Structures are given as C-alpha cells and as structure tokens.
There are 2 protein chains.
Amino acid sequence: MSPRAINARTRLLESARDVIRAKGFSATSVDDLCKTAGVTKGAFFHHFKSKEELGVAAADFWSETTAALFAGAPYHQPDDPYDRLIAYLEFRKDLLAGDLPDYTCLVGTMAQEVYDSAPAIRDACHASISGHAMTLVPDIRAAMAARGVSGFTPESLALHTQAVLQGAFILAKSGNSVSFAQDSVDHLIRYVSMLFSQSREEKK
Amino acid sequence: MSPRAINARTRLLESARDVIRAKGFSATSVDDLCKTAGVTKGAFFHHFKSKEELGVAAADFWSETTAALFAGAPYHQPDDPYDRLIAYLEFRKDLLAGDLPDYTCLVGTMAQEVYDSAPAIRDACHASISGHAMTLVPDIRAAMAARGVSGFTPESLALHTQAVLQGAFILAKSGNSVSFAQDSVDHLIRYVSMLFSQSREEKK
DNA sequence: CAAATTACCAACCGGTCGGTATGTTTGCAA
DNA sequence: TTGCAAACATACCGACCGGTTGGTAATTTG
C-alpha cells in the first residue's frame, strides 16, 4: 500500500470513529466524512464500495485500536485474577474523561442504529463488543474457581460488564453528564466485589 | 379535540414509537411515519412543526404510556419494599418477550442518536428515563433503611437499574438475541438481592 | 346560523443524499 | 523511458429528504 493510501483510508476511518460517535451513523453523511478526513468523494468510494462497508470497516478498526489500548493498559499487572478484574473496571472508570463523544463506544452507538437495516455492521459491532468481553473470561473463570463462586457463567458476567458500560453511556448522553456513567460503574464494581467476597458462604 | 385529530396525531405517535425503535430516529423519514400512520405529510406538519418536535412528543408519549403500564403492573403488590423492588426487576425481565423492537426502549434509542444534534429530544428522553427511575426511589430508600444498607444513594441505584436495562437492549440488538438481555437482568437481580441480603454485616 | 378555527390533503420546493462516470496523478516495475 | 495499476479528483445523477404551499372539509364558537 502506498503512503497516500494509508493516509486517505486511515483518515476516513478515524473520521468515522469521531463523527459517528458524535452524530450517529445515519446522520453522518459521506460528505461529512470526506470533509473531516480532507479527501474527496472519489477517494471514499475508491476505498469503500458503500457507506455500509465503511461502517463495517469502522467497527473492525474500532476492534483493533481498542484491543491495542486494552492490551497495553496497566490493569493486567496484579497477580490475582480477581484483582485484575477489579483493576479493569477501575480502568474503565478512569477512561470516562474528556468530552462525551471521546469516551463513548462507537460500536454500541452503531449497533443500536443499524441492527435491522445493516446486519453486516451489526454483526461487526457484536463481534467487537463480544470479542472484548471475552478477554475478561479467563480472569473471571480463575477468580470463580479460586473462590468457589458459581451460579453464572464467566461469559455472562463478562458480557454484563459491557452491558453496564453501554447503558452507562446512554445515561451519560441523555443526562449530558458523565457522572451518571461513573455512578453506574461504581455499582458494577460493588457487584463484582460482592460476588467474589470471601464471606459468600453466609448467603442463605 | 375532534375525533379526527385524535386519530391522526395519536397514530403518528404510535407509528413513531414503532418505526423509530426499529430503524432509529435519523433513518426514519417523515414520509415513513406518514405512510405507516396512513396520513399525509400535510397532516404531519399540521400537528408537529418539525420532525424534531415530533421526536419530543414521541418521548413524552412514551413517558405517559409506560407510566401507565408500570402503574398497573402487579409488582406493587408485595408488602415489603425490597420484595417490590425484586418484583419490579422480575417484571422487567418478563417484558423481554416478542420481537426485539417490541421490548426495547424508545427513549434510550433516541437519546443515543440525537444527544448533540437535538438537545430538546435528548432532554425529553432523559426526563423519561429519569422520571421512571425515580418511581423506584421510595422503595429503595425504605429497603435501605429497613436493612441498614448504605454506601450509595437510592437515586444512583435506581438509575443503575435503568443503565443495565439500556445496556442489555444494546447487547440484545447487536447479538440479535434476547438472551443477552435476560442474562444481564439476572446479574442485576443478583446484585440487588446481595445488596439487601441479611448477611451483609459479614463483609470485611 | 355565520364566522372563525381546526384538521387535513395533494402537489410541490430547494437542497442533500448515496453513488457513479470519467478523468488525472502517483508509484513502481520492466 | 515506458507501461500500467492503484490512488485519488471532479463533475454529475436520480432519488429522496424535511418542509412549504394553497386549498378544502369538518368542527367549534358566538
């Protein structure tokens, strides 16, 4: 790929990431993206055969960049799987900074909009959310085993953390304040810490 | 208001409720709504001065109809506030039936899309979510007092339940399966039951 | 009952949408 | 140097968008 190609295609994907998070997928026009990326419409349709294909590519791009972000994050350092899980949630809470469109989730936003009109985008969004959740499963499974916790699957708890985060974004958007999201993540952290607390044998 | 008016305006709001939940706000055209409601575009702009005003009216309509639904629901019957709270969550889980667009939340869908392009709609959505959440606060507060639970506000827990539900809808849509939502509500019920379990004094 | 108001309609408007047709430029290989 | 494909740019299209128009029919009001 030539240097020019890297710039145009990548800049379009970065523009999609930013503009779609702010305006939504449907309300974002191809011209919007071209203008933001500083390319022409011809370049757009050279790299993506349709707006829908860009949506899929944007979801995949999101998967890759967020995977790199989380892989390099410090929450993997604790030795205990449970501590790593809590550190992950604290890390997610710390990410709730800056302007609203900067910390919300591209694929959560898109999935809601296109789930019945663009199945390909929806599937890419699901793969992104689910794929990220699955990175938590080994630690959840190990923590459950180490502390004798049962009654649910590791996968369901991993997905539940993502559900809380997605819901927290919606509350933050509608209420126009990040504090709604922070409060919900606090409840999630409390839930996980209670799930794995040593005194669970006390439950009736 | 004349019979004719009731029909056209209400049918437009009902169409908005159904079509927007399926396609999203931006992707829903005024012509779509008119065709679904069986009225002309002139009638649409007679009742609503803009598409945005319809969005606000649809959010308000949603608030009213869901308030009536929950007011008449059976989860208010238990004598204990905690039991009522659990019954509410079970009721929400029972509502997860039928096709996806039938049980998802109109205002959660809209808020995500329009939060920076149509503040009036966003505020109406927030009022709807928040207003419904606040109906849970008295029971949460009473349950906290009765069982000596503290460490968070009743309001934050009420909003957290809505965050989980909104996030559950996103997972259900992206994964195209209601089971994702049901699993998350199960985790929420487990969280609430642990919060108010009698053995909480065991916590370290 | 006449006047005013509301409810509604069909046709239409300027503008924007996603997408295409047809170039021109660039980088690289032979 | 030339050939050639990929990487862009320009100009444009038909369809559709939200919204407006001028008008008619029904209802309410004094």
Side-chain angles (χ1 to χ4, degrees), chain A residues 1-17 19-20 22-59 61 110 113-122 124, chain B residues 1-20 22-59 61 110 113-114 116-122 124:
Chain A
M1 231 183 278
S2 78
R4 262 172 58 181
I6 292 173
N7 283 341
R9 188 187 152 91
T10 302
R11 287 211 314 275
L12 279 168
L13 289 173
E14 288 168 348
S15 299
R17 175 195 61 201
V19 179
I20 292 174
K23 312 204 329 179
F25 181 77
S26 301
T28 298
S29 70
V30 173
D31 286 331
D32 280 340
L33 296 174
C34 292
K35 212 174 83 176
T36 306
V39 304
T40 60
K41 210 179 231 185
F44 181 99
F45 283 99
H46 171 72
H47 290 288
F48 310 101
K49 76 175 185 188
S50 68
K51 189 191 177 189
E52 177 170 348
E53 191 179 283
L54 166 106
V56 174
F61 182 70
M110 280 203 295
E113 278 190 76
V114 305
Y115 84 100
D116 88 328
S117 57
I121 299 179
R122 181 200 65 200
Chain B
M1 230 182 281
S2 76
R4 261 172 60 182
I6 293 172
N7 283 342
R9 187 186 152 92
T10 302
R11 288 212 313 277
L12 280 168
L13 290 172
E14 289 168 347
S15 299
R17 175 195 63 200
D18 299 335
V19 179
I20 292 175
K23 312 203 332 181
F25 181 77
S26 301
T28 298
S29 70
V30 174
D31 286 330
D32 279 340
L33 296 174
C34 293
K35 212 174 81 177
T36 305
V39 304
T40 62
K41 209 181 237 184
F44 181 98
F45 284 98
H46 171 73
H47 290 288
F48 310 100
K49 76 175 185 189
S50 67
K51 189 191 176 188
E52 177 170 349
E53 191 179 283
L54 167 106
V56 175
F61 181 71
M110 280 203 296
E113 275 189 77
V114 305
D116 88 325
S117 57
I121 299 179
R122 180 200 65 199

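Just so it is clear: chains get the letters A, B, ... in the order the sequence lines come, proteins before strands, and each one is counted from 1. The analysis underlying the following values was restricted to heavy atoms, covering all of them including side chains, and did not include hydrogens, waters or symmetry mates. Please read all numbers here as calculations on a predicted model, not as lab measurements.
- Between the side chain of Glu113(A) and the backbone N or O of Glu113(B), no donor-acceptor pair lies under 3.5 Å.
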Pair up each side-chain donor or acceptor in residues 51-59 of chain B with any protein partner under 3.5 Å, not counting sequence neighbours, and list the distances.
unit_1, atom_1, unit_2, atom_2, d
Lys51(B), NZ, Phe25(B), O, 3.0
Lys51(B), NZ, Thr28(B), O, 2.8
Glu53(B), OE2, Lys49(B), N, 3.2

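- Residue Ala43(B) places its side chain closer to dC9(C) than to any other of dC8(D), dA7(C), dC9(C).
- For the pair Val39(A)/Leu12(A), a side-chain contact is recorded, criterion being any heavy-atom separation below 4.5 Å from C-beta on.
- Here the closest non-hydrogen pair linking Phe44(B) and Cys34(B) is CB-SG, 3.6 Å.
- Here the P atom of nucleotide dG19(C) and the CD atom of Glu53(A) are 10 Å apart, to the nearest Å.
- Atom-to-atom, NE2 of His46(B) to C1' of dA26(D) comes out at 12 Å; the value is rounded to the nearest Å.
- Whole-Å rounding puts the Asp32(B) CG to dC16(D) P distance at 11 Å.
- When all heavy atoms of Asp32(A) and Ala27(A) are compared, the pair lying nearest together is OD2-O, 3.8 Å.
- At dC8(D), one or more side-chain N or O atoms of His47(A) fall inside 4.0 Å of OP1 or OP2 (strictly under the cut-off).
- Between Arg9(A) atom CZ and dA6(D) atom P there is a gap of 15 Å when expressed in whole angstrom units.
- Nearest heavy-atom pair across Lys41(A) and Asp31(A) is CE-OD1, 2.9 Å.
- Relative to the axis of its first five pairs, the axis of the last five pairs of the helix from dC1(C)-dG30(D) to dA30(C)-dT1(D) sits at 20°, rounded to 10 degrees.
- Taking the nucleotide of DNA chain C with the nearest heavy atom to each of Thr40(B) and Ala27(A), the more 5' of the two is matched to Thr40(B).
- Panel note: side chain Arg122(A), backbone Val114(A); no donor-acceptor pair is recorded below 3.5 Å.
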Exercise. Summarise how protein sits on nucleotides 18-24 of chain D as a single string, 5' to 3': B when a protein heavy atom is under 4.0 Å from the base, S for sugar-phosphate-only contact, - for no contact.
Key: BBB----
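- Rounded to the nearest 0.5 Å, atoms OG1 (Thr40(A)) and CZ (Phe45(A)) are 11.0 Å apart.
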